[in-house]
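This report refers to the structure that appears directly beneath it.
Chain A is the first sequence line, chain B the second, and so forth, proteins listed ahead of strands; every chain is numbered from 1.
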2 protein chains.
Amino acid sequence: MDYDKYAHEPFAVTVDLAVLTIAEGALHALLVERGQEPYAGHWALPGGFVHPDESAETAARRELAEETGLSDLSGLHLEQLRTYSEPDRDPRMRVVSVAFAALLPDPPEPHGGSDAAEARWVPYDKAGPLAFDHDRILADAHERVGAKLEYTCLATAFCPPEFTLGELQQVYETVWGTVLDRPNFRRKVLATPGFVEAVPGAARLTGGRGKPAALYRAGPAATLHPPLLRPSPEGRPA
Amino acid sequence: MDYDKYAHEPFAVTVDLAVLTIAEGALHALLVERGQEPYAGHWALPGGFVHPDESAETAARRELAEETGLSDLSGLHLEQLRTYSEPDRDPRMRVVSVAFAALLPDPPEPHGGSDAAEARWVPYDKAGPLAFDHDRILADAHERVGAKLEYTCLATAFCPPEFTLGELQQVYETVWGTVLDRPNFRRKVLATPGFVEAVPGAARLTGGRGKPAALYRAGPAATLHPPLLRPSPEGRPA
DNA sequence: ATGACTAATAGTCACTACGACTATAAAGGG
DNA sequence: CCCTTTATAGTCGTAGTGACTATTAGTCAT
C-alpha cells in the first residue's frame, strides 16, 4: 500500500456523541446548538474533530467536556456505536465520524461551551430534526442501548453508585417504553448472579412516598445470564 | 467548528476485514501476505484505503474483491465491527481503520491480488501474529460473531442458501468451540419462528453417511426470540 | 393519632423452555 | 446382512417466567 499517495486526501475524522440519561422518568439526550456553519443555529449531537495525537475515545471525552462543560464525567459509560462514512454526510468536506453512545446517571446541568452556543438535555422524543445525520445516530444509539439492556448489565450505567431496584426498573421501562411487573423484575434481577449486590446496612428512608427501598450497587458481572428479555410487542412467542 | 483548520491533518482512513468461514469443521480466517512495507512479508487482514468518493462499506467490498480475487461476494455478510484509532497503531502515519466482520459460506479459493502477495484461508487458531493490531481485530470479530449467534440469525450467513440443521449446528459448535445436543438444538431452532423454513420438497440424499437430512433456508427473522444461549463453561446458572 | 395512599417486598401457581436422556428411521460400507 | 452413522421423534424432570395476591412500611392529609 502506497501511503503517501493518500496522505493528501482531505479526510477529516470527527467524533459524535449520543449522550443519554434518564430525567423525570423520561429518556433525554444531550444536544448542543451549533454556533458555526454548516447548520449554524441547528441542534446537533456534541462532538468535534479528533486531534492528531489522540484516539477517538479520548477525543470523545475531551469534546464532551469542552462543549457541554460537564465537570463530573466519572460515571460516564462510553461505548463505540459505529462509524458513519457516507461521502455526502457533511456538505463541506469529507468527514468520517466515529459515533459513540454514552450513558450518564443523574444528569448534571450542562453549560454552553467552546464551539457550541448552548448545551441542553432534551427529551428523546422531542429531539427534533438534528444537523447532519445525527437523527440517525441518535436513533441507532437508542436501539443499541435498548438491545444491550437485555443481555448486559448496562442498565446500571444509568444509575448512581447506589440505587434501588425501582430505579433500575425505571431504566428498563424508560428505554424500552414498556411497563414491567415489579415483583417479577425484582426476582429476575436478584436471581442473576453478579448483576447487583446489596449495600451492607442501608435503606433509603426519607424522600420516597412508599416503603423505603433497599439500596444496591452494580455487581461484578458484565453480561446477564440468562438475559432479561423485553416483552413481546405482539404475537412473539416468548 | 473551523473545518479548514483541520483539512490538512494527515489522517488516512482505511478498512480492515476479518473474513470468517467454516471449512473442514474448523473456523478459518482470510489472510493476505503483505507486499509492501510496513510489515512486508507478514500476514494481515485484507483491507486498504477508503477512496474519497466511497463509504467504508463500499471500500470494504472493493478491497476484498481486489486483494483476494474472490468473485462470488453475493453471499457475503458484512458488518461493522468497530473503529480502531489509537495514534500509534500504524508506524508510518496516522491511520484510522474501520474494521468489519465478514461471514462467507462455502469458502471459495482466493487468489493473491493487487496489493497482496498472496491470499489464503488460515485456521483461526493458527492465524499467528498478524501485522498492526490485526490480532486484536480478528479476536474482536470472533467474540462479536460468537455473541451474535446467541440472539440473531447470523449463523445462516455461514451456510449456503440451502442447508441442513446439522450444518447449522456445526456453525454454532465451531464458532463457540462447544458440543451441542442434536435433538435439543433441532427443537430449539424449529421452535424459533422465522429462523429457518423447510425447502418444499427435498432431502439431501447422496454424500452423507447417515440418514438423509431435510434441507432448510434462512427465514425472514433477523433476531432470535428467545435467544439460543451458549452453554455455561462452568458454574454459570443458566 | 388515624386512615388513605404509595411503593417495596414476599409468595403462589400454572405453564413453558430447556437439559439430559432413550428410541427409532434411513442411509452407506464392510 | 449386520454395523456404523446421522437424522428425527419423543420423554421426563426441573428451572425460569408471566400473571397474580398479600403483606409491610413508610408519607401525607385530615
- [ ] State the CG-CD distance between L30(A) and E67(A), to the nearest 0.5 angstrom.
- [x] 9.0 Å
Open item on the list: Among dG18(D), dT9(C), dC21(C), which nucleotide has an atom closest to any side-chain atom of A213(A)?
Closed with: dT9(C)
Open item on the list: Measure CZ/R182(B) against P/dC18(C) and give the value in whole Å, please.
Closed with: 19 Å
Task: W176(B) and its side chain to side chain contact (heavy atoms under 4.5 Å, CB included) partner, picked from T178(B), V179(B), T174(B) - done: T178(B)
TODO: Take atom CZ of R187(B) and atom C1' of dG19(C), then tell me their distance rounded to the nearest Å.
DONE: 8 Å
Open item on the list: Please evaluate residues F163(B) and Y216(B) with respect to the criterion ring pair (Phe, Tyr, Trp, His ring centres under 6.0 Å), reporting the C-alpha separation (whole Å), side-chain torsions for both, the decisive distance (0.1 Å), and the verdict.
Closed with: CA-CA 5 Å; F163(B) 52 87; Y216(B) 292 87; 7.2 Å; no
Task: Spacing between K211(B) atom NZ and dC3(D) atom P, to the nearest angstrom - done: 21 Å
Task: Non-neighbouring partners of P183(A) that pass side-chain contact (heavy atoms from CB on, under 4.5 Å), sequence neighbours left out - done: D181(A)
Task: Partner of L17(A) by side chain to side chain contact (heavy atoms under 4.5 Å, CB included), out of L78(A), L45(A), L76(A), T68(A) - done: L78(A)
Please enumerate all protein N or O atoms sitting under 3.5 Å from an N or O of nucleotides 1-5 of chain C, with distances to 0.1 Å.
none

TODO: Could you state the atom-to-atom distance from CG of L229(B) to P of dG16(D) in whole Å?
DONE: 12 Å
Open item on the list: Do R187(B) and F185(B) form a cation-pi contact, if we require the NZ or CZ to be under 6.0 Å from the six-membered ring centre and within 45 degrees of the ring's axis?
Closed with: no
Open item on the list: If I take atom CG in residue L190(A) and atom P in nucleotide dA15(D), what distance separates them, rounded to the nearest angstrom?
Closed with: 18 Å
Task: Closest to the A214(B) side chain, choosing from dG16(D), dG19(C), dT8(D) - done: dT8(D)
Open item on the list: In this structure, how many angstroms lie between the C1' atom of dA7(C) and the CG atom of D181(A), rounded?
Closed with: 14 Å
Open item on the list: Closest approach to the side chain of P212(A), judged atom by atom: which nucleotide of dA25(D), dT12(C), dT8(D) is it?
Closed with: dA25(D)
- [ ] Report the distance from atom CZ of F185(B) to atom P of dA7(D), rounded to the nearest whole Å.
- [x] 11 Å
Task: Nearest-nucleotide 5' precedence on DNA chain C, N184(B) against P183(A) - done: P183(A)
TODO: Between K188(A) and Y216(B), just flag the one whose closest nucleotide in DNA chain D comes earlier from the 5' side.
DONE: Y216(B)
Open item on the list: For a quick test of reading the model: is some side-chain N or O of R186(A) closer than 4.0 Å to OP1 or OP2 of dA10(C)?
Closed with: yes
Open item on the list: Looking at R82(B) and E57(A), is any side-chain nitrogen of the basic one under 4.0 Å from a carboxylate oxygen of the acidic one?
Closed with: yes
- [ ] Round to a whole Å and report the spacing from CG of L180(B) to P of dG19(C).
- [x] 9 Å
